[in-house]
Amino acid sequence: MVTLLRNLTKLDPTLAGFDRLPATTKTSKGADLVRIKYYRNYLAHLDDGKVDTTYFGTAWLDITEVNHWDQTNQEIMLDIKRSNDEIRELKESFASLKRSYAEMMKSQQLLQESHDLLQEDYTHVTKEMKEMKSFQKDPVPWNIRGKLLEIKLGMFQ
C-alpha cells in the first residue's frame with residue numbers, strides 16, 4: 001500500500017528517505033506515510049509480540065497526529081481497492097481460462113485420435129473399392145475365373 005501511495009501520488013520523501021523515521025517536527029504527508037510504514041514494520045517484526053509501554057505511547061502519539069488525508073488521497077485509496085478487486089477477478093478469469101484450455105486440449109486430443117481412426121478406415125475402404133473396381137472391369141466373373149484357373153492348373157500337372 002505504501003509503495004502504491006509513493007508511486008501514484010506526488011508525496012515527497014523526508015530528507016532521511018522513505019525508510020527512516022522522520023523527526024516529529026516534520027508534518028508533511030510524505031513524513032506521515034513514512035511514520036505509518038516505520039511503526040508497522042517495527043510491530044510486524046517483533047519476535048515476542050510485546051511492545052514496551054513507553055515506546056507504544058510515543059508511537060501512538062506520533063501516528064495519531066498524522067495529517068488528515070484529503071479527498072484526493074481517499075479517492076486514491078478507493079482506486080487501489082478497485083484495482084485489487086480487478087486483480088482478483090483477473091486471477092479468477094485466468095484460472096478459468098487455464099481450465100478451459102486444458103479441457104480444450106483433451107478434446108483436441110480425442111478429435112485427433114478419431115481423425116486417425118477415420119483415416120485408417122478411409123484407407124481400408126479406398127483399397128477395397130479399388131479391388132472391387134478391378135473386379136468389375138474384368139469381363140470374366142471371379143467364380144468362373146477361379147474354375148478356369150483350377151482347370152488350367154490341372155492340365156499342367
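Residue numbers run from 1 in the order of the sequence given.
- Distance check: Asp62 CG to Trp60 CH2 gives 12.5 Å after rounding to the nearest 0.5 Å.
- Residues that satisfy the salt bridge (charged side-chain N to carboxylate O under 4.0 Å, His left out) test with Arg145, not counting sequence neighbours, are Asp138.
- Remark: Ala44 engages Arg40 in a side chain to side chain contact (heavy atoms under 4.5 Å, CB included) (not counting sequence neighbours).
- The two residues Leu21 and Arg35 come nearest to each other via the heavy atoms CD1-CG, 3.8 Å.
- In this structure, Ala31 and Pro22 approach most closely via the heavy-atom pair O-CG, 3.5 Å.
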Run the side-chain donor-acceptor check on residues 93-107: report pairs under 3.5 Å with partners two or more places apart or on a different chain.
residue, atom, partner, partner atom, Å
Ser93, OG, Glu89, O, 3.1
Ser100, OG, Ser96, O, 3.1
Ser107, OG, Glu103, O, 3.2

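- Contact record, Asp79 with Arg82: OD1-NH1, 2.6 Å, taken as the closest heavy-atom pair.
- With sequence neighbours left out, the salt bridge (charged side-chain N to carboxylate O under 4.0 Å, His left out) criterion links Lys81 to Asp85.
- For residues 19-42, every residue pair satisfying the ring pair (Phe, Tyr, Trp, His ring centres under 6.0 Å) rule, not counting sequence neighbours, is listed here: Tyr42-Tyr55.
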Which atom pairs, donor and acceptor, lie under 3.5 Å between side-chain atoms of residues 116-126 and protein residues at least two apart or in another chain?
residue, atom, partner, partner atom, Å
Asp116, OD1, Gln112, NE2, 3.0
Thr123, OG1, Gln119, O, 2.9
His124, NE2, Glu128, OE2, 2.6
Thr126, OG1, Tyr122, O, 2.7

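- Environment of CG in Asp48: crowded, with over 12 heavy atoms of neighbouring residues, nucleotides or ligands closer than 6.0 Å.
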